[in-house]
Amino acid sequence: MRTQVGIIGAGPAGLTLGRLLENAGVETVVLEARSREYCEARIRAGVLEQGVVDLFDEAGVGERMRREGLVHHGISLQFDGERHRIPMSDLTGGRTIVVYGQTEVTKDLIAARVASGLPLLFEAEGVGVEALETARPAIRYRHGGVEQTLECDVIAACDGFHGIGRQSMPAGVLREFSREYPYGWLGILAAVAPSVDEVVYSHTERGFALLSMRSPTRSRYYLQCASNEDLAAWPDERIWEELRSRTAVDGWTLAEGPVLEKGVTGMRSYVCEPLRHGRLFLAGDAAHIVPPTGAKGLNLAIQDVRLLGEALVRWYESRDDSLLEAYSDACLRRVWRCEHFSWWMTTMLHLPPGADPFDLQLQRSQLRYVTTSQAQARALAENYVGLERV
Ligand code: FAD
Ligand code: DHB
């Protein structure tokens with residue numbers, strides 16, 4: 001098989017890149033290791049930045065998001081038993097975020113590709129890439145028990161943190177930066193109307209909690225836990241009790257309902273540089289990971305492929321490779337801004353194991369400052385809704 005751009009991975013990055021290139025008349029094949037059902041059910045992020053919402057609209061895949069997504073104008077930070085609203089839209093010239101699950105984004109993108117009749121192979125696992133330094137790179141993949149080769153002009157590795165793209169970079173090319181956090185998140189999806197109408201990030205001496213949502217009838221809640229927390233130790237009643245305790249404020253109660261799904265996620269920061277070697281380009285989680293406080297992972301993945309899409313279209317139209325040459329540096333400017341923001345939100349809100357009173361007072365002071373100084377609140381808000389220029 002042969003195509004122009006071979007895309008490994010049908011997560012948000014790979015599917016969006018496929019759509020952007022389709023709209024510009026560039027041929028792609030998307031290879032995905034898992035089944036369609038698996039990809040469409042994988043519950044992850046939920047907050048879309050304004051720029052990402054606009055991109056989905058322009059790409060013609062935003063119709064259901066506009067109908068069902070929940071537009072939010074603020075978030076709250078809670079500490080010392082009180083909630084403080086950050087009026088993000090007022091602080092950013094009217095910008096908003098949209099709460100719309102990654103599952104729904106994925107379903108919309110898959111449906112659009114299937115409707116266009118373009119190649120999207122599920123259960124097609126990339127096992128290697130070759131000839132990266134030539135004009136005819138190729139992806140070796142296994143599909144239906146048979147190993148096959150996809151020849152391309154360019155390979156886009158959108159295959160997530162554990163994919164083969166990054167691992168196929170020759171030794172010595174990549175520089176890596178990482179940090180592990182000594183905690184994780186226990187997340188639940190519950191069949192109950194959200195008890196809040198905007199996202200709440202809560203700092204307590206028992207650890208962090210986050211109140212979010214997916215729809216008028218589905219709540220998405222998280223608790224700070226150990227990075228290797230055993231889910232068996234968390235029957236539903238214990239989860240609700242802990243959520244109640246970590247989000248309590250006077251005159252408000254947390255409505256409970258059946259827990260439909262629960263899982264534990266570890267937290268890390270990771271960046272590799274550069275995002276290109278020869279004809280192989282990395283995008284999304286294949287190249288970088290942020291801890292989820294700040295809701296940047298999915299948004300960054302889409303911003304990467306926006307740049308990669310523009311660069312490839314320019315190259316196909318005029319053989320001008322200046323944007324391809326600039327791709328890695330341009331992405332990394334936004335990546336590092338989001339790495340800093342995500343680290344800052346994470347360390348401000350989570351209780352480190354063995355935290356002493358000094359740590360807690362610094363966090364409280366920072367939270368008071370962010371919620372009382374307009375300059376600080378604006379800095380948080382403009383990062384949260386997504387910076388236009390980095
Ligand atoms: P992915 O979504 O990981 O997609 C990569 C795709 O490549 C997958 O479909 C995978 O199956 C496929 N693939 C991998 N290897 C191969 C191969 N060899 N061949 C073919 N296909 C392959 N972000 C937030 O902002 N908020 C959150 O609450 C949040 N929660 C998260 C929870 C979890 C458990 C995880 C893992 C991530 C979470 N994130 C969250 C991050 C966010 O979901 C990611 O940043 C986003 O999915 C990145 O999109 P992507 O397309 O780059 O990668
Ligand atoms: C959600 C996830 C996040 O990481 C976050 O910071 C806010 C909300 C969510 O899943 O809704």
Show me the donor-acceptor pairs, under 3.5 Å and distance only, between side chains in residues 127-134 and residues at least two apart or in other chains.
unit_1	atom_1	unit_2	atom_2	d
Glu130	OE1	Arg140	NE	2.9
Glu133	OE2	His277	NE2	2.6
Thr134	OG1	Ala131	O	2.8
Thr134	OG1	Arg136	N	3.1

Can you list, pair by pair, the side-chain donor-acceptor contacts under 3.5 Å of residues 251-259, counting residues two or more places apart and other chains?
unit_1	atom_1	unit_2	atom_2	d
Trp252	NE1	Ser195	O	3.0
Glu256	OE2	Arg244	NH1	2.1

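Listed by chain and number, the residues in a side chain to side chain donor-acceptor pair (under 3.5 Å) with Asn383 are Arg337 (sequence neighbours excluded). Here Arg276 pairs with Glu325 under the salt bridge (charged side-chain N to carboxylate O under 4.0 Å, His left out) rule; sequence neighbours left out. Residues satisfying the salt bridge (charged side-chain N to carboxylate O under 4.0 Å, His left out) test with Glu37, not counting sequence neighbours, are none. The salt bridge (charged side-chain N to carboxylate O under 4.0 Å, His left out) test applied to Arg85 returns Glu198, not counting sequence neighbours.
Each of Val53, Val47, Val52 was scored for a side-chain contact (heavy atoms from CB on, under 4.5 Å) with Glu49, with one residue passing: Val52.
Using a 4.5 Å heavy-atom threshold, the side chains of Pro119 and Leu121 count as touching. Contact check for Val192 versus Thr217: no side-chain heavy atoms found under the 4.5 Å cut-off. A 4.5 Å side-chain heavy-atom check between His72 and Met213 finds at least one atom pair inside the cut-off. Side-chain atoms of Thr346 and Tyr183, non-hydrogen and from C-beta on, do get closer than 4.5 Å to each other.
Put simply, the side chain of His340 never gets that close to the backbone of Trp336: no donor and acceptor are under 3.5 Å apart. Remark: side-chain polar atoms of Gln376 are not paired, donor with acceptor, to backbone N or O of Thr372 under 3.5 angstrom. Thr371 contributes a side-chain N or O that, together with a main-chain N or O of Arg368, makes up a donor-acceptor pair within less than 3.5 Å.
Residues Glu22 and Arg19 are paired through a salt bridge, judged by an N-O separation under 4.0 Å between the basic side chain and the carboxylate.
Using a 30° and 60° split on the angle between ring planes, Tyr270 and Phe161 fall in the perpendicular class, above 60°. Using bins of under 30°, 30° to 60° and over 60° for the plane-to-plane angle, the ring pair Tyr384/Phe341 lands in the perpendicular bin.
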